[in-house]
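Keep in mind that what you see is a predicted model, and the values were worked out from it rather than measured.
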Amino acid sequence: MKRPAPTPAPLLQPLRLAGAIRRAHLLPAMLGAGMSLLGSLAQAAEEPPKNFGIDIKVTAESLDDQDLGTAHGGDLNGIGLDLRPWALGTWGDWSAYVMGQAVTATDTVQTDTLQSDEVDNSGTNGREPDDSYLALREFWVDYAGLTQYPGEHLRFGRQRLRDDSGMWADTNIEALNWTFDTTLLRAHAGVAQRFSEYRTDLTELAPQDKDRTHVFGDLSTQWAPHNWVGLRLHHADDSGHLKDPGEQVDSLDKRSTGDLTWLGVEANGDGYEYRSQMPLNYWASATWLTGNRDRLSTVDVGGERIATGKQSGDVNAYGVDLGLRWNIDEQWRAGAGFARGSGGGHNGEDQYEQTGLQSNRSNFTGTRARVNRFGEAFRGELSNLQDATLFGAWQLRDDYDASLVYHKFWRVDGDSDIGNSGINAPLVNDSKDVGQEVDLVMTKYFKHGLLPASMSQAIDEPSALIRFRGGLFMPGDAYGNHVDSTMHHAFVDVIWRY
């Protein structure tokens with residue numbers, strides 16, 4: 001069988017010319033279609049996306065002997081429903097966000113991990129929480145066009161301020177906050193002041209928040225992969241008024257005023273990063289507190305607190321927090337921590353205190369679940385307090401995690417009081433042994449991906465979870481020998497985000 005003879009080269013030229021002509025006619029059509037598609041995409045990009053949803057949370061709380069048996073009450077068993085509708089809109093470099101809250105419960109259940117224990121302990125008009133209430137959690141506008149860096153933005157309004165440790169700030173507060181976040185450099189700067197709780201049941205601010213302005217900033221750099229070092233500054237100007245001697249003092253009156261400045265240095269090697277692949281993670285911080293402070297002194301007269309004067313003086317105190325975590329394998333972690341906040345001194349000059357914006361919740365155990373640094377039951381503040389911590393943690397893919405934590409607490413100065421805590425019982429002088437605690441936090445995660453991509457950076461949890469948080473506190477000699485031997489505080493949270 002013979003092969004067909006090849007087409008002579010001269011005959012190919014007309015065919016090639018015809019093909020070129022056809023392609024030349026198609027090119028304008030293709031360009032027109034492309035320009036039409038780009039125009040449609042540009043028009044769609046100009047339309048502000050309408051993002052909205054709702055967070056549904058059911059919380060069961062059990063609290064036993066918060067007063068360690070020294071007074072009537074101190075127990076709580078209830079269940080609450082917490083609905084948080086939210087909406088986010090973006091228009092070029094501008095965005096706006098609002099989140100509301102509606103809570104109903106069988107008792108004064110803490111459905112919010114940012115809620116302070118002082119709210120529940122108040123019994124005065126204006127600060128007594130209801131079982132059900134409405135609130136505005138966040139409302140802010142954001143501008144991201146000051147620079148060309150994608151991690152830079154300026155935000156104004158009631159917003160979540162939070163650092164990784166939770167020991168400087170972790171709260172919703174009215175603020176003007178500038179953020180700069182790049183691969184090698186991070187910075188924040190802002191000013192904040194609380195003007196209202198934005199809740200239908202709490203019409204008065206907590207005394208420590210009245211007339212208190214916060215100015216803050218931090219700067220950190222990555223000197224090696226996953227290793228950061230930085231400086232942090234926070235100033236609180238508390239210009240409130242203290243009662244004069246002889247006047248009656250109630251729970252809404254301020255007990256302390258002054259100008260305080262915190263200056264901290266910190267180093268971090270994925271200490272709060274649960275995805276870390278490093279064999280060892282660490283965190284280390286040292287903070288110096290300086291300024292001046294006036295503290296009200298009172299006496300009990302016929303069941304009423306009467307002002308007797310004030311204790312004034314300079315402040316020269318410090319706080320440290322250290323931790324090391326070993327990532328044994330992809331599932332298991334183990335570690336230890338140590339924290340100390342100075343206390344005592346002449347006129348309380350050595351008494352360290354935190355900024356008042358902290359929650360002390362972080363991922364220090366190496367799981368996605370944030371755990372209280374000073375106990376789920378004790379919930380201490382780093383003020384005249386020393387804490388030694390041992391912990392182990394386990395996580396299975398993105399489905400489960402668990403943390404088991406042990407704490408031992410001491411007073412630094414046995415004759416001075418400690419800061420705020422979840423225990424409502426007096427301390428006995430001359431004893432430093434505050435107590436010990438065992439915590440267990442377990443979580444099951446499911447239904448990933450329900451949230452829109454635009455909210456992925458604002459939410460630090462998956463779309464749905466079931467979590468148990470519990471602490472068993474065993475008081476030490478500092479509370480005396482007449483108190484109950486144990487106190488527990490436990491929560492079961494069910495969260496679903498649409």
Side-chain angles (χ1 to χ4, degrees), residues 161-171 173 175-181 185-194 208-209 212-223 227-239 256-269 271-272 282-295 312-323 337-360 362 364 373-374 380-387 412-413 416 418-420:
L161 295 182
R162 187 178 71 185
D163 71 291
D164 288 339
S165 71
M167 297 183 67
W168 288 77
D170 185 15
T171 188
I173 189 172
L176 176 64
N177 183 37
W178 176 75
T179 298
F180 185 84
D181 191 349
L185 188 66
R186 296 173 183 168
H188 300 83
V191 58
Q193 182 173 346
R194 201 180 303 279
Q208 60 270 23
D209 287 329
R212 187 179 177 95
T213 302
H214 302 266
V215 181
F216 54 89
D218 63 82
L219 179 66
S220 60
T221 182
Q222 185 175 197
W223 61 273
N227 290 270
W228 293 79
V229 63
L231 296 173
R232 192 177 294 272
L233 178 70
H234 190 111
H235 177 76
D237 180 9
D238 197 333
S239 58
S256 176
T257 61
D259 291 321
L260 297 175
T261 301
W262 292 259
L263 178 61
V265 58
E266 53 191 17
N268 189 319
Y272 306 105
Y282 66 89
W283 68 89
S285 67
T287 306
W288 176 46
L289 173 61
T290 185
N292 60 83
R293 180 169 50 200
D294 297 330
R295 294 194 291 182
S312 302
D314 295 332
V315 181
N316 188 16
Y318 70 90
V320 296
D321 183 29
L322 310 171
F338 173 81
R340 180 185 175 98
S342 62
H346 180 63
N347 289 329
E349 64 180 359
D350 296 334
Q351 191 83 7
Y352 183 80
E353 64 178 86
Q354 292 182 258
T355 64
L357 303 182
Q358 76 282 348
S359 72
N360 292 330
S362 65
F364 70 91
R373 181 67 180 84
F374 304 118
E381 178 188 354
L382 196 61
S383 177
N384 192 32
L385 185 71
Q386 183 171 283
D387 167 71
V412 176
D413 185 321
S416 300
I418 61 175
N420 296 320

Chemist: Tell me yes or no: between the side chains of Ser359 and Arg162, is some donor less than 3.5 Å from an acceptor?
Modeler: no
Chemist: Within the 4.5 Å heavy-atom criterion, are Asp387 and Phe338 side-chain neighbours or not?
Modeler: no
Chemist: Taking Gln354 for the side chain and Leu382 for the main chain, is one N or O donor matched with an acceptor at less than 3.5 Å?
Modeler: yes
Chemist: Is there a side-chain contact between Leu219 and Arg232, using heavy atoms and a 4.5 Å cut-off?
Modeler: no
Chemist: Just by distance, do the side chain of Asp321 and the backbone of Ala339 share a donor-acceptor pair under 3.5 Å?
Modeler: no
Chemist: Can you give me the closest heavy-atom contact between Ser256 and Arg295, atom names plus distance?
Modeler: OG-CG, 3.8 Å
Chemist: Please set out all donor-acceptor pairs under 3.5 angstrom arising from side-chain atoms of residues 344-353, sequence neighbours excluded.
Modeler:
| unit_1 | atom_1 | unit_2 | atom_2 | d |
| --- | --- | --- | --- | --- |
| Gln351 | OE1 | Gly344 | N | 2.8 |
| Gln351 | NE2 | Ser383 | OG | 3.3 |
| Gln351 | NE2 | Asp417 | O | 2.9 |
| Glu353 | OE1 | Arg293 | NH1 | 2.6 |

Chemist: When rounded to the nearest 0.5 angstrom, what distance separates CG in Leu161 from CD in Gln358?
Modeler: 13.0 Å
Chemist: Under 3.5 Å, is there a donor-acceptor pair between the side chain of Asn360 and the main chain of Gly380?
Modeler: yes
Chemist: With a 4.5 Å heavy-atom cut-off, do Val412 and Arg340 have their side chains touching?
Modeler: yes
Chemist: Any chance you could measure Leu260, atom CG, to Thr290, atom OG1, to the nearest 0.5 Å?
Modeler: 8.5 Å
Chemist: So, Asp259 side chain and Gly291 main chain: donor-acceptor pair closer than 3.5 Å or not?
Modeler: no
Chemist: Could you tell me whether the side chain of Ser220 and the main chain of Val229 form a donor-acceptor pair under 3.5 Å?
Modeler: no
Chemist: Test side-chain contact (heavy atoms from CB on, under 4.5 Å) on Asn316 and Trp288; report intermediate values, then the result.
Modeler: CA-CA 7 Å; Asn316 188 16; Trp288 176 46; 2.7 Å; yes
Chemist: OG1/Thr355 to CG/Leu289 distance, rounded to the nearest 0.5 angstrom?
Modeler: 10.5 Å
Chemist: Flag the pair His235 / Trp262 as yes when at least one side-chain heavy-atom distance between them is below 4.5 Å, and no otherwise.
Modeler: no
Chemist: Determine whether Phe364 and Trp283 make a side-chain contact, defined as any pair of heavy atoms from C-beta on separated by less than 4.5 Å.
Modeler: yes
Chemist: Show the numbers, then the answer: is there a side-chain contact (heavy atoms from CB on, under 4.5 Å) between Tyr282 and Asn227?
Modeler: CA-CA 9 Å; Tyr282 66 89; Asn227 290 270; 2.7 Å; yes
Chemist: Enter the distance from Tyr318:OH to Thr287:OG1 here, rounded to the nearest 0.5 Å.
Modeler: 12.0 Å
Chemist: Does Phe216 reach the side chain of Val191, with side-chain heavy atoms less than 4.5 Å apart?
Modeler: no
Chemist: Salt bridge check: are Arg186 and Asp218 linked by an N-O gap of less than 4.0 Å?
Modeler: no
Chemist: Roughly how far, to the nearest 0.5 Å, is the CG atom of Leu357 from the CG atom of Asp170?
Modeler: 9.5 Å
Chemist: Is a side-chain N or O of Ser165 found less than 3.5 angstrom from the main chain of Met167, in a donor-acceptor match?
Modeler: yes
Chemist: Tell me the closest heavy-atom pair linking Gly313 and Asp294, and the distance in Å.
Modeler: N-OD1, 4.5 Å
Chemist: Check side chain to side chain donor-acceptor pair (under 3.5 Å) between Arg212 and all other residues, then give those that pass, not counting sequence neighbours.
Modeler: Asp238
Chemist: Can you list everything that forms a side chain to side chain donor-acceptor pair (under 3.5 Å) with Glu381? Sequence neighbours excluded, please.
Modeler: none
Chemist: To the nearest 0.5 Å, what is the distance between OG on Ser416 and CG on Asn384?
Modeler: 5.5 Å
Chemist: With under 30° as parallel and over 60° as perpendicular, where do the rings of His234 and Trp168 fit, or are they tilted in between?
Modeler: tilted
Chemist: Are side-chain N/O atoms of Asp181 and Thr179 paired as donor and acceptor at under 3.5 Å?
Modeler: no
